[in-house]
Amino acid sequence: MAGETLDPEEILAALDDEQRRVAVALRGPVRVLAGAGTGKTRALTHRIAYGIATGTYAPDRVLALTFTQRAAGEMRTRLRDLGAGGVSARTFHASALRQLNYFWPQITGSPAPRVIEGKGRPLAEAATSLGLKLDTATLRDVAAEVEWRKVSNLTLDEYGRRAASRALPGALTLEQSVDLQRAYEKLKDDRASIDFEDVLLLTAGLLESEPRVALQVHEQYRFFVVDEYQDVSPLQHRLLELWRGDRVDVCVVGDASQTIYSFTGATSDYLLNFDNEFPQAITVGLERNYRSGAPIVRVANELMRDRAGALVLQAIRDGGPTPTVTAFPSDHEEAYGVASRIKSDIESGTPASDIAVLYRTNAQSANLERALGEASVNYQVAGATRFFDLPDVKRALLALRGQSVTQTADPLFKSVSDVLRALGWTQAPPESSGAIRAKWEALNALIEMADEAPPGTTLRAFTDTLMARAEARHEPTLNAVTLASVHSVKGLEWKNVYIVGVAEGLMPISYASGVDAVAEERRLLYVAITRACERLHLSWAASGTAHRHVRRASRFLAECGTNTLREVSSGSGASGR
């Protein structure tokens, strides 16, 4: 039963040989090189659960770190199901903010500084104070520059020396960029406020300068697990060192082929050089891919062949159709062609929630949204309002919570469906698309969660679970096609994946100059390809929507090899309206 500590051997029984090696390596430094779809989260969570089940770990002394709230929420859910619910599984920022809010008042006698919602407004004020007139786009680029400086753990003087080789925002000179950032920092100090990156910097500062803070943290946490270690920045690495102290019980997991945030200061160097930092480290490779069919794995392996740090995936699932590549005359025709094929997928029985369209830039979604809307295909854009933040879902949770106070003997499904019918849910979906269909899909997701609840679950217990999932950002799956930029899809998967815009200028992006930048674009495509479980479709357009930009196929298509992709005609359904 969920929440009960499992038998150690039962925990190990769910793992393959390599995952089992990870799980039983409970002490000392451990590096796990885990390829896409190889079950790294399973290996990590079972390792923690095994450590607790054998008495090696105390749950409250384990700190599991990851990079997104979604990943942290998923990890907490899995750990809870394995009887390890007392483990702290958080993002770097959530862990640091928790410590900052706890220790800052003790050290300074005043509340911790307020975290600002964004850098745009204070940067604009700082620019005005210097007589600089900057547009919104330039201010966004300055904010990114501030973030890069801080996660790279550079002072303003160090940044001034390093930035001479960087492309600076807008028409700013190096001196103006430094002065603007200095004015921004002073403005924040005057208002006793901090930004997102300051949370890490101040926490690191407390740990370095206050021995009693470091002592308390070291007493609290003894064992460390870090997911997505290829995306660690110098500042995060330093903070991990301070949390760890002189202990070496740290397990890191990552894949150099999935390093796609270098522009934010992330680097795979700490993953690849882990054995230099810890000469006694154990390294385990996870290369058995359980996610994708063999034809998809072949495409991914060909794309990354002979690249530094790349793992060679071994497909567990044989068979499956050969991935396709399609050339369209224009972006417009590509969008409508893809929408037409998705509509056929759905009519053939593939749930919309099992389909995703991935692209390099968010601007590419507009054509796709229009085409899918005209095809009456329900879709959701990744990064839009979260499920539990949707107004219709919030109202439903309040209504369900209220009904749970006067709990009846009715079965859970009936209780939930009665409440949601009063809010507009119907057993049959509406024929229209748009907002009405989106509301129905949201309410229907709650219905499906009730239907999947264990027998005997009360309405109160069900609403408690919903509240816990909302807090953990553990979103249900809506029956809608997902539109997403490649940067937002790590850790996700779909049966059918369409990757659009695989053309020079988009993938690799036009401003990717130099070997390192192009290598990052290749890794982006690798991440996109390895999201697909059963069917993979790549496409590109010879021109932009207005036929002003002539393009050619991405160089990466040739790198994938001529025997791994099947060219298909754009067909007659591509023209749209």
Side-chain angles (χ1 to χ4, degrees), residues 91-210 213 232-243 261-267:
T91 65
F92 272 88
H93 281 87
S95 296
L97 184 59
R98 189 182 183 92
Q99 293 177 20
L100 187 66
N101 287 333
Y102 180 78
F103 289 115
W104 186 275
Q106 296 181 24
I107 301 301
T108 67
S110 58
R114 177 183 64 88
V115 181
I116 60 176
E117 293 184 0
K119 298 180 178 67
R121 183 170 296 177
L123 275 172
E125 293 181 42
T128 300
S129 71
L130 297 175
L132 298 172
K133 294 183 178 180
L134 305 180
D135 59 23
T136 303
T138 302
L139 286 171
R140 281 200 301 266
D141 288 344
V142 173
E145 198 72 358
V146 171
E147 291 161 9
W148 179 84
R149 170 177 63 83
K150 292 186 176 184
V151 301
S152 299
N153 214 12
L154 301 176
T155 66
L156 274 168
D157 289 339
E158 290 169 335
Y159 167 78
R161 292 190 290 271
R162 289 272 297 272
S165 59
R166 288 176 63 81
L168 297 176
L172 291 176
T173 65
L174 177 57
E175 183 180 8
Q176 287 173 325
S177 182
V178 172
D179 288 346
L180 177 54
Q181 292 191 45
R182 184 170 281 113
Y184 164 75
E185 297 300 334
K186 183 178 185 304
L187 185 149
K188 287 195 293 93
D189 289 344
D190 292 344
R191 297 176 180 175
S193 61
I194 58 176
D195 60 29
F196 197 56
E197 291 70 37
D198 289 334
V199 172
L200 302 186
L201 285 166
L202 290 181
T203 304
L206 283 176
L207 288 162
E208 286 180 310
S209 62
E210 298 291 337
V213 172
V232 164
S233 69
L235 175 55
Q236 289 166 327
H237 182 260
R238 177 57 183 151
L239 188 55
L240 177 62
E241 285 182 320
L242 293 167
W243 280 334
Y261 295 108
S262 296
F263 63 95
T264 67
T267 173

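The figures here come from the full heavy-atom set of this structure, side chains too, leaving out hydrogens, waters and symmetry mates.
For the pair A127 and L180, the tightest heavy-atom approach, listed with the atom from each and the gap, is N-CD1, 3.5 Å. Listed here is the closest heavy atom pair of L174 and G160: CD2-O, 3.4 Å. Shown here for V199 and T203, the closest heavy-atom pair between the two residues is O-OG1, 2.7 Å. Summarising the geometry of A112 relative to P105, their closest heavy-atom pair is N-CG, 4.4 Å, with the distance given to 0.1 Å.
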(request) List the steps, then state whether side chain to side chain contact (heavy atoms under 4.5 Å, CB included) holds for W148 with L154. (result) CA-CA 9 Å; W148 179 84; L154 301 176; 3.9 Å; yes

(request) With side chain to side chain contact (heavy atoms under 4.5 Å, CB included) as the test, would you mind laying out the steps for L201 and N153 before giving the verdict? (result) CA-CA 8 Å; L201 285 166; N153 214 12; 3.7 Å; yes

(message) Y184 vs V142, test: side chain to side chain contact (heavy atoms under 4.5 Å, CB included). Steps then yes/no.
(response) CA-CA 11 Å; Y184 164 75; V142 173; over 6 Å; no

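Side-chain atoms of L168 and Q176, non-hydrogen and from C-beta on, never get closer than 4.5 Å to each other. Residues D179 and L132 form no side-chain contact, since every pair of their non-hydrogen atoms from C-beta on lies 4.5 Å or further apart. In this structure, L239 and L207 have side chains that are in contact, with non-hydrogen atoms separated by less than 4.5 Å.
Between H237 atom NE2 and L240 atom CG the span is 6.5 Å, to the nearest 0.5 Å. If you take OG1 on T108 and CG on L206, they are separated by 8.5 Å, rounding to the nearest 0.5 Å. Atom-to-atom distance recorded for L134:CG and L123:CG is 9.0 Å, nearest 0.5 angstrom. Interatomic distance, CG of L187 versus CD of E125, reported as 5.5 Å (0.5 Å rounding). Note that NZ of K186 is 10.5 Å distant from CZ of R191, once rounded to the nearest 0.5 Å. The NZ atom of K150 sits 10.5 Å away from atom CG of L200, with the distance rounded to the nearest 0.5 Å.
Within 6.0 Å of the CZ atom in R166, the count of heavy atoms belonging to other residues, nucleotides or ligands exceeds 12.
Neither side chain, T138 nor D141, offers a donor N or O lying under 3.5 Å from an acceptor on the other.
Here D157 pairs with T155, R161, R182 under the side chain to side chain contact (heavy atoms under 4.5 Å, CB included) rule; sequence neighbours left out. Every ring-ring contact (aromatic ring centres under 6.0 Å, His included) that F196 has, sequence neighbours left out, goes to H93. In terms of the ring-ring contact (aromatic ring centres under 6.0 Å, His included) criterion, Y159 has no residue partners (sequence neighbours excluded).
Judged by distance alone, with hydrogens and angles left aside, the side-chain atoms of S95 form a donor-acceptor pair with the main-chain N or O of T91 at under 3.5 Å.
Under the side chain to side chain donor-acceptor pair (under 3.5 Å) rule, R149 has a single partner from E197, Q181, E158, which is Q181.
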